[in-house]
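Everything below concerns the one structure shown next.
Here the structure is a predicted model, which is why all the values come from computation and not from measurement. We name chains A, B, ... by the order of the sequence lines, and we start the count at 1 in each one.
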Number of protein chains: 2
Amino acid sequence: MVSARQLEILSTVIEVGTTARAAELLGVSQPAVSNMIRHTEDLVGFPLFMREHGRLTPTKEALHIAQEAQHLFMQQNRIDNIIDELRGGTIGRLSVIATPSVGHGILPRILGQFIKTRPKLQLSIELGSQDEIIRKLGSGQADLGLSITPPRHSAVSVREIANGQLMCVCPAEHELALQEVVSISNLNHVSHISYAARTPLGQMIDTLFSERGLERRYFCEVRHTATALEMVRNGLGVALVDSFAVIGSRGENIAARPTKPTLPLKLYGLTSNMFPTTNLTMQFQQFLADYLEPHGGSGPDDGDL
Amino acid sequence: MVSARQLEILSTVIEVGTTARAAELLGVSQPAVSNMIRHTEDLVGFPLFMREHGRLTPTKEALHIAQEAQHLFMQQNRIDNIIDELRGGTIGRLSVIATPSVGHGILPRILGQFIKTRPKLQLSIELGSQDEIIRKLGSGQADLGLSITPPRHSAVSVREIANGQLMCVCPAEHELALQEVVSISNLNHVSHISYAARTPLGQMIDTLFSERGLERRYFCEVRHTATALEMVRNGLGVALVDSFAVIGSRGENIAARPTKPTLPLKLYGLTSNMFPTTNLTMQFQQFLADYLEPHGGSGPDDGDL
DNA sequence: ACCATTCTATAACCCTCAGTTATTTGGTGA
DNA sequence: TCACCAAATAACTGAGGGTTATAGAATGGT
C-alpha cells in the first residue's frame, strides 16, 4: 500500500520541517518531495500536513505514522546489514568435519586465523572417518569435509585445496635430520613409527613402498598422524607424516624433511551436492588454499619448523 | 539497497518452491519473478538459489534473508493497518472538553455510541468553563470543545454542530405539562428553577426575558442544567433547559415542552487552529451532528421523553 | 523411446512513476 | 513595495518492474 520510500520522505519532512531541507537530506529535488507527499496524502485519504502561512506542519496522524515507520526503517537496516555480512562471510555457521590428521593439525590453527576477521561466526569442528564425513555431509549436518583421501561418492563434490607431501619427521638431533632429503629406504633402518594397514595413510604408504619393491617395516603402529608426531616429539622414533599435519604442529625439537622419492598428496575439500554450498564454506576453502599455498611443495626451507 | 518487493518475491519463491506458483501468488507473470530473482542476486552479490535439474533450491543465505524479511513484512502490515485505522478513525486519542450542560447530558451518551464502532479509541472527557475550554484547546491538551455559547477568540475555530432550543422542563404531572407549548411568561407564576446571572445560560435567558419586557423570577438558582434537571425530576419545580441536556437525560417522570417564543440556541464545536484538527475530531463532530439532527427543532413529538 | 508436462530463462517491448528543471504562487518581514 | 523563502505546479525523462512469446532442460507416463 504505502511504500517505504513514502514513509522515508514523510519522516524526513517531519524531522527537518521543510520540503527543501528534506529534499537536500534525501538527495532529491524539492518538487520530488512535494509531489510525493501530495501523492501519499491521496493514497492514505487524509491530510498529513497543514498548509498554513506557506509552511507545512504535520498532523497528529502524520506524526503517528512517522513514529511507527521508524520500526520499519530499523528492519530495513537490519536486513541490509545481514546481507552485507552474508556477502562478507562475517556471519553464519560453518561446520567442518575433518579426518583426524587434518583436524588435529592445521584445522584449529587456520580456523583461528579465519575467525579473527569474522568474530560473529558460529563454528563447529568435528573429527571423523571418511565414512562419517560422507554421512555428515550427506545429511546436511556439516558444510565442509576435509580429508587427504578423496572419496568417490556421487553425493559429494571434491575440490583440491592444496598440495602437500609426506614428510619424514624425526627428532631434531636425529641422524636423519642431517640429510636434506630422506630416502624412504632409510626408514627401514631406524625406529619407524607408522600407520595401521587399515587407515588411509597406512594404505597409501603401503602402496608407495610396494611400488618400489620395498617392505614397510616399523616398530610401532598408530592410527593418527597426531599420535605419530607426538611420539617423534618425544624421541621415540621417526615417522612419515603429511605436510599438513607438520604445518599444524608446534615445531620444537623436531625436524621435517622431504623424502626421496617425494610422496605427493593433496588436501581435499568435500561438499555435499545435495545441499547448496554456502558462501562461507567457499570462502573458507579459499582461505585454506591461500594459507597452505606457500607451504605447499617441498622447498628445502620448509624443513625446519 | 534491497527493496521490499525483492524480499517479498524471494520469500514467496522460497515458500512455494517454484517461480511459476510464486508468480501466481503475487499476481504477476513468471518471467517477472525470474528476472527479479536474478536481479536481486546481482545486487547482493551471491547466489540465492541453486539451479539444478531445472529447479530452484534456495541457498542457506537466501533462507536466512527470507527469515529476517518476515519481520519487515510484519512492520509493513502494521503500518498499513495503522493507516487504515487512522483513516477509519478507529484508533487514536480523542480528548473532549465540554461545558457542564453538554458534558453531563448528551456527551457521555453519544460518546458511548461513538466508541461502539471504535473500540480501540482512547477517550478523555473533561468539563470546564468557557475559559478553561479555550485554554485547553489553545494548549493542545484537548482536541474538541463543546459549548452552547460561541466564544469569539482568534485561536479557536467554531463549527455549528446542531440546532436546539431552550425547553421548559417540568414534572410529568405538572400543570404546565398539559400545554403543548409553554409561554415563558408562565414561568413567573410557578416554582421556577433558573441559573445564576453569571452563567452563560443565565445571561442568555436574562437577555431573552428583558428583550420581551419580562422580569426573570425564580425561587432557586443553580449553575448547571444537570442540577436543574435533577431538581425537576424530584418535583421541586420547572426549569428552562437546553434541548441537548434534555436529550441526554433519562426522561422518566418529566416532560419537556417547547417554549413560546422559541428560544433557539446552537451547539458549537470548538477546535484550536494552533494545532491541526485530527480526522477523528472531525468525525466525532459529524457523528454528533448526525445524532442530534433529528432531535434538532421543536417537533411536538419530541416533547415527551 | 517418445511425448506431454513442468519449470526456468531469454528476448523484445511497454508504461507507470519517481525523478528532473524551470517557473509560479503565496506569505512574511525589512 | 520589494526581497526572500517555501511550497506547488507544469512539462518532461528514464529506469525499473511489468508484459507476451518462446526457447531449453528435466521429469514422468504410456
Side-chain angles (χ1 to χ4, degrees), chain A residues 1-44 46-59 62 66 69 72-73 76 80 154-155 273-274 276, chain B residues 1-59 62 66 69 72-73 76 154-155 273-274 276:
Chain A
M1 180 130 187
V2 47
S3 74
R5 182 60 170 170
Q6 290 171 324
L7 293 171
E8 188 182 10
I9 289 179
L10 172 67
S11 289
T12 308
V13 172
I14 288 177
E15 199 173 324
V16 303
T18 75
T19 57
R21 300 232 320 101
E24 193 182 355
L25 254 272
L26 294 166
V28 297
S29 66
Q30 175 266 320
V33 173
S34 207
N35 287 332
M36 193 50 120
I37 285 178
R38 156 179 286 277
H39 181 214
T40 308
E41 285 181 323
D42 290 352
L43 204 65
V44 301
F46 51 83
L48 297 169
F49 293 90
M50 308 280 307
R51 279 78 170 167
E52 47 189 9
H53 320 302
R55 296 295 158 91
L56 294 182
T57 57
T59 62
L72 189 78
F73 302 151
Q76 260 293 4
D80 286 346
S154 60
N273 43 34
M274 311 287 292
Chain B
M1 182 125 185
V2 48
S3 75
R5 182 61 171 169
Q6 290 172 323
L7 293 171
E8 189 182 9
I9 289 179
L10 172 66
S11 289
T12 309
V13 172
I14 288 177
E15 199 172 325
V16 303
T18 75
T19 58
R21 301 232 317 102
E24 192 182 356
L25 253 275
L26 294 167
V28 297
S29 65
Q30 175 267 320
V33 173
S34 207
N35 287 332
M36 192 52 120
I37 285 179
R38 156 180 286 277
H39 182 212
T40 308
E41 285 181 323
D42 289 351
L43 205 63
V44 302
F46 51 83
L48 296 169
F49 293 91
M50 306 280 307
R51 280 82 169 162
E52 46 189 10
H53 319 300
R55 297 296 158 91
L56 293 182
T57 56
T59 62
L72 190 79
F73 302 151
Q76 259 293 6
S154 60
N273 43 34
M274 310 288 292

What residues, two or more places apart in sequence or in another chain, satisfy side-chain contact (heavy atoms from CB on, under 4.5 Å) together with A:Ala4? A:Leu72
Nearest 0.5 Å, please: how far is [atom2] in [Y] from [atom1] in [X]?
X: A:Ile9; Y: A:Met36; atom1: CD1; atom2: CE; result: 4.5 Å
X: A:Met1; Y: B:Gln76; atom1: CE; atom2: CD; result: 11.0 Å
X: B:Ile37; Y: B:Asp42; atom1: CD1; atom2: CG; result: 12.0 Å

First and last nucleotide of DNA chain C touching chain A, 5' to 3', heavy-atom cut-off 4.0 Å?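 Range of nucleotides touched by chain A: C:dA18 to C:dT28.
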Any side-chain heavy-atom pair of A:Gln6 and A:Leu10 under 4.5 Å: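 A side-chain contact is absent here, since even the closest heavy-atom pair is not under 4.5 Å.
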Sequence neighbours left out, what pairs pass salt bridge (Lys or Arg N to Asp or Glu O under 4.0 Å) with at least one residue falling in residues 3-18 of chain A?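 For residues 3-18 of chain A: A:Arg5-A:Glu8.
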Please write out each protein N/O paired with an N/O of nucleotides 7-10 of chain D under 3.5 Å, distance rounded to 0.1 Å.
from  : atom 1 : to      : atom 2 : distance (Å)
D:dA7 : OP1    : A:Thr19 : N      : 3.4
D:dA7 : OP2    : A:Thr19 : N      : 2.9
D:dA7 : OP2    : A:Thr19 : OG1    : 2.5
D:dA7 : OP2    : A:Ala20 : N      : 3.4
D:dA8 : OP1    : A:Arg51 : NE     : 2.5
D:dA8 : OP1    : A:Arg51 : NH2    : 3.4
D:dA8 : OP2    : A:Ser34 : OG     : 2.9
D:dA8 : N7     : A:Gln30 : NE2    : 3.1
D:dA8 : N6     : A:Gln30 : OE1    : 3.0
D:dT9 : OP2    : A:Arg38 : NE     : 3.2
D:dT9 : OP2    : A:Arg38 : NH2    : 2.8

Distance-only donor-acceptor hits, side chain of residues 22-33 of chain B, under 3.5 Å, sequence neighbours excluded:
none

Return the residues of residues 5-12 of chain B meeting this criterion: a heavy atom under 4.0 Å from some atom of DNA chain C. Order them by number, or give none. none
Minimum heavy-atom separation for A:Ile14 and A:Ala66, please, with both atom names.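 Heavy atoms only, the tightest pair is CD1-CB, 3.7 Å.
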Going by atom type alone, with no hydrogens or angles, which donor-acceptor pairs under 3.5 Å involve a side-chain atom of residues 47-56 of chain A and a protein atom two or more places apart or on another chain?
from    : atom 1 : to      : atom 2 : distance (Å)
A:Arg51 : NH1    : A:Glu41 : OE1    : 3.0
A:Arg51 : NH1    : A:Glu41 : OE2    : 2.8
A:Arg51 : NH1    : A:Phe49 : O      : 3.2
A:Arg51 : NH2    : A:Glu41 : OE1    : 3.0

